[in-house]
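Scroll down for the structure; my scribbles are underneath it.
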Amino acid sequence: LSLDSARLADQPYEVSNDQTILSLSDGRHLLINNNEGKVLQSWAMSAPSSCQPLITPTAFIFGLKNGEIVQIKRTNNANQP
């Protein structure tokens, strides 16, 4: 998994046993399949996360370091719990 020139902005956030969210210093957030190292989803946000996202059955809710709150609708596919 290449992060280009970005680095991790915080610790990885576990979504499930096989999925993790990474918050990068450039504001990108990646949903990763832990078993394959594959990016399942990617979101470009205005800043890195300031804390662990709230994970609901329908959304990921991020608090960003610049004070913004961002809600991302979860997609329903075979790779997502």
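The two residues Pro48 and Ser25 make their nearest non-hydrogen contact at CG-O, 3.7 Å. Annotation for Asn35 and Asn33: closest pair N-OD1, 2.8 Å, computed over non-hydrogen atoms. Lys65 and Ala9 get closest at one heavy-atom pair: NZ-O, 3.7 Å. Annotation for Asn34 and Ser16: closest pair ND2-O, 4.1 Å, computed over non-hydrogen atoms.
Residues Ser49 and Asp10 have side chains not in contact (no heavy-atom distance under 4.5 Å, counting atoms from C-beta outward). Residues Arg74 and Val15 meet the side-chain proximity criterion, which asks for heavy atoms closer than 4.5 Å. Contact check for Phe60 versus Ile21: side-chain heavy atoms found under the 4.5 Å cut-off.
Remark: side-chain polar atoms of Ser50 are paired, donor with acceptor, to backbone N or O of Gly63 under 3.5 angstrom.
Here the CD-OG1 distance, from Gln11 to Thr20, works out to 11.0 Å after rounding to the nearest 0.5 Å. The distance from the CG atom of Leu40 to the CG atom of Leu31 is 5.0 Å, given to the nearest 0.5 Å. For the atom pair CG (Leu64) and OG (Ser23), the distance works out to 8.0 Å, reported to the nearest 0.5 Å. Atoms CG and CD1, on Leu30 and Ile32 in that order, are 4.5 Å from each other to the nearest 0.5 Å.
Neither Met45 nor Ile69 shares a network with the other; the hydrophobic side chains, linked directly or stepwise wherever heavy atoms of I, L, V, M, F, W or Y lie under 4.5 Å apart, form separate groups for each. A continuous path of ILVMFWY side-chain contacts below 4.5 Å connects Val70 to Trp43, so both sit in one hydrophobic cluster. One hydrophobic cluster, built from ILVMFWY side chains closer than 4.5 Å, holds both Val39 and Leu8.
For Asn17, the CG atom is loosely surrounded, since the number of other residues' heavy atoms within 6.0 Å does not exceed 12.
With no hydrogens or angles considered, a side-chain donor-acceptor pair links Asn66 and Ser46 at under 3.5 Å. For the 3.5 Å distance criterion, the side chains of His29 and Ser42 fail to qualify, holding no donor opposite an acceptor.
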